[in-house]
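These notes concern the structure reproduced below.
Below, read A as the first sequence line, B as the second, and so on, with proteins coming before strands; counting in each chain starts at 1.
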Amino acid sequence: MSRDQLEEIVNTEYPDILIREKKEEKHELPELPNVHGNVVMRMAPSPSGPLHIGHSRMAILNDEYVRRYGGRLILRIEDTNPENIDPDAYKMIPEDLQWLGVNVTETVIQSSRMEFYYSEARRMISEGYMYVIEENQKEFHDLKLKKIPVMERDSEPSVNLEKFDRMLSGHYNDGEAALVMKTDINHPNPSVRDWIAFRINTHEHPLTGSRYTVYPTMNFSVSVDDHYLGLTHVIRGIDHLVNTEKQKYVFMYNNWKLPEYFHYGFISIPDTILKTTIIKEGIKSGKYSGWDDIRLGTLVALKKRGYRPDTFRKYWISSGMNKSNATFSWEIFNSMDREIIDYDTERYFFVPEPTPIHIKNPLVLKSHAMLHPQRPDSGFREYELPPDAMIYFPEEELSKIKEGEIIRLKDLCAAIMKGGKLQYTKDEPEGRVKIIQWAPENSGDMEVFHPDGNIDKGKIEPLAMDKHQVVQLERYGYVNLYGTRAYFLHK
RNA sequence: GCUCCGAUGGUGUAGUCAGGCCAAGCAUUCCGGCCUUUCGAGCCGAUGACUCGGGUUCGAAUCCCGGUCGGAGCACCA
């Protein structure tokens, strides 16, 4: 007997036992290993601009685990490269995180910990784990590729300490000396071999000015910070895989306990402008109105369009910590957002490409539209139209109506196409007909800005004018209203 | 080139560590239908996937080997 036959019998004879448990879907992140009590986690953006969608993943993932297990979430601003820092970012990043609902328990700014990095460096130099190279960086690099150590690799700690102090005293210019972390000169990955831990950069720093000229590279500052801040788990992008490898040497030399590391895969976000350099240029040239230009993928731009912070959380939790590369799905993201906002968004009429038409109604007409179809108690939008009223109708729809066809003006009346003109009819249409939105004569002008740069000009019904909220423009899509303009959210 | 990482429907994921409950779950999109004074929401239905080849095993999406494809890194950026 086949499975089909069996099912057939069960279906007809014993339907009761068929009540199968529906597997409940888990939109949950996996448990973290080695959790003993609270966790300490961090996010470490560089202050080159405000946060964008990509950053939100790191923020949400870390925040979500700290919420689950309890503990601390450290925002560590990694500003050890004085070039490419946007001073505004120090303010924008915390604001973005707050909007996302990420609960930062403390903030650490690396440029304010320079003395600490120096003292850690001195200690590790004196223990023989670091050495200074001078004037021969090119050679240093070439020799590394050939797995050959430079001469300085074996110099005495006291000599290295002396040279390091000379670095700090301003004796060298940019690129003339560097402090190197000894690792394994035979490591299969050349970049892991003896990496640069401190370099000289005389660029002015937005926060510390010209006080410091010797800056740690991220692999050094991250290592010592991760340890001294007590990190238990580190979640970050797969692009840091090799960095983790490098940082492990610092932990090993100092006998520090390694945090648990997780690296999630690259996510490419289609049709979205994220690169800070491109955005900055665009703002400068006037192409973009600012960081919150809705054509951008920054969080402030997405906020302006009306996305809810919870949508980000939901999306990133459902994506999990997959190591494989993936494509960000606006489709799914928008669907999640729709689910969250739909119940709260009022309905209004917007007529793009409006064409005025006389509907030739013999009597006064009253429209009666619900503010929200699922919430009858939310009220109605009502307009009174005098006889032979003029209304606005979408141009595009008008051209698609055939001669003699009856349509319905939503929540108003039926209308028939006669002699190329649409006009009132009291005949009730049979079956399914087109139901189309319209706008009364005293409607306002509105421009809807789309993220692809397009602008739809049209008429917005009077009751929606001057509103500042996310609404659904029926048959058009969800938008965020800003008075006489609106930003398109999604369908 | 070298080093590392990965591969489940159109898309995003669950399952892989501890092989059998997977005849592969969920979400989303598309398609069809129902409902409806929105093309939104809701309801019903349908299509659609374990990268390939070997091996181990009674049994492999899951373990092993190899190939292919994709990605990242190879900085005095983070």
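Test A:L489, A:V471, A:I460 against A:V479 for side-chain contact (heavy atoms from CB on, under 4.5 Å) and you get one pass: A:V471. With A:L75 as reference, A:L97 is the one residue of A:V102, A:L97, A:I109 to meet the side-chain contact (heavy atoms from CB on, under 4.5 Å) rule.
At B:rA78, none of the side-chain N or O atoms of A:H240 fall inside 4.0 Å of OP1 or OP2 (strictly under the cut-off). A:R338 has a side-chain polar atom (N or O) that falls below the 4.0 Å cut-off from OP1 or OP2 of B:rA41. Phosphate contact (OP1/OP2 of B:rA78, side-chain N/O of A:T80, threshold under 4.0 Å): present.
One can find a donor-acceptor pair under 3.5 Å joining the base of B:rU38 and the side-chain atoms of A:Q472.
Counting non-hydrogen atoms under 4.0 angstrom, A:G320 reaches nothing in the nucleic acid. If you check every strand for non-hydrogen atoms under 4.0 Å, A:I332 touches a base. Within the 4.0 angstrom heavy-atom criterion, no nucleotide atom of any strand lies near A:Q110. No engagement by A:P45 is indicated, since no non-hydrogen atom pair under 4.0 Å with the nucleic acid exists. Using a 4.0 Å heavy-atom criterion, one finds that A:Y478 contacts the sugar-phosphate atoms exclusively. Residue A:N243 is in base contact, counting any heavy-atom pair closer than 4.0 Å across all strands shown. Using a 4.0 Å heavy-atom cutoff across all strands shown, A:T345 reaches no nucleic acid atom at all. When heavy atoms are screened at a 4.0 angstrom cut-off, A:K323 is found touching the sugar-phosphate backbone but no base atom. Using a 4.0 Å heavy-atom distance criterion, A:N81 is classed as a sugar-phosphate-only contact.
Annotation: ring-ring contact (aromatic ring centres under 6.0 Å, His included) contacts of A:F164 (sequence neighbours excluded): A:F198.
Taking only side-chain atoms of A:Q374, from C-beta outward, the nucleotide of B:rU11, B:rC74, B:rA41 with the closest atom is B:rA41. For A:S46, the side-chain atoms get nearest to B:rA78 when compared with the rest of B:rC5, B:rA75, B:rA78. Closest to the side chain of A:N322, out of B:rU13, B:rU38, B:rA72, is B:rU13.
Rounded to whole Å, the C1' atom of B:rC4 lies 30 Å from the corresponding atom of B:rG10. For the C1' atoms, the distance linking B:rU47 with B:rC30 amounts to 9 Å, nearest Å. For the P atoms, the distance linking B:rC74 with B:rU57 amounts to 44 Å, nearest Å. Using C1' as the reference atom, B:rU62 and B:rG71 are 23 Å apart when rounded to the nearest Å. Separation of the C1' atoms belonging to B:rA61 and B:rA49 is 10 Å when rounded to the nearest angstrom. The same atom, P, is picked in B:rU56 and in B:rU13; the two are 35 Å apart, to the nearest Å. Comparing B:rA46 with B:rU38, their P atoms are spaced 27 Å from each other, to the whole Å. For the P atom pair drawn from B:rG1 and B:rA24, the interatomic distance equals 40 Å after rounding to whole Å.
Following rounding to the nearest Å, A:R347 (CZ) and B:rA41 (P) show an atom-to-atom distance of 9 Å. When the C1' atom of B:rU11 is taken as reference, atom CD of A:E331 falls 6 Å away, rounded to whole Å. Distance, A:Y264 OH to B:rU13 C1': 17 Å, rounded to whole Å. The interatomic distance linking A:E346 (CD) with B:rG40 (C1') rounds to 15 Å, in whole Å. Distance, A:R57 CZ to B:rU13 C1': 11 Å, rounded to whole Å. The distance between atom CG of A:D239 and atom P of B:rG6, rounded to the nearest whole Å, is 15 Å. Rounded to an integer number of Å, the gap from A:M336 CE to B:rU28 P is 9 Å. The nearest whole Å value for the distance from the CD atom in A:E339 to the P atom in B:rU29 is 11 Å.
We find that A:D344 and A:R308 are joined by a salt bridge, their nearest charged nitrogen and carboxylate oxygen being less than 4.0 Å apart. Taking 4.0 Å as the cut-off between side-chain N and carboxylate O, A:K147 and A:D194 do not count as a salt-bridged pair. For the pair A:D337 and A:K314, the salt-bridge criterion is not met [side-chain N within less than 4.0 Å of a carboxylate O]. The pair A:K434-A:E397 fails the salt-bridge criterion, with no side-chain N (NZ, NE, NH1 or NH2) lying under 4.0 Å from an Asp/Glu carboxylate O. A salt bridge between A:K146 and A:D142 is absent, with no side-chain N of the basic residue lying under 4.0 Å from a carboxylate O of the acidic one. Taking 4.0 Å as the cut-off between side-chain N and carboxylate O, A:R42 and A:D225 do not count as a salt-bridged pair.
Of the residues near RNA chain B, A:S324 and A:C413, the one whose nearest nucleotide (by heavy atom distance) lies more toward the 5' end is A:S324. Both A:T217 and A:L145 sit near RNA chain B, but only A:L145 has its closest nucleotide nearer the 5' end.
The side-chain tip of A:R375 points at the ring of A:Y343 from less than 6.0 angstrom away and within 45° of straight on.
Pairing partner, B:rC22: none, since no Watson-Crick or wobble contact has both distances short of 3.5 Å.
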What nitrogen or oxygen pairs link the protein and nucleotides 34-36 of chain B at under 3.5 Å?
unit_1	atom_1	unit_2	atom_2	d
B:rU36	O4	A:R432	NH1	2.3
B:rU36	O4	A:R432	NH2	2.2

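Interface residues of residues 195-203 of chain A facing RNA chain B, ordered by number: A:I196, A:R199, A:I200; criterion, heavy-atom separation under 4.0 Å.
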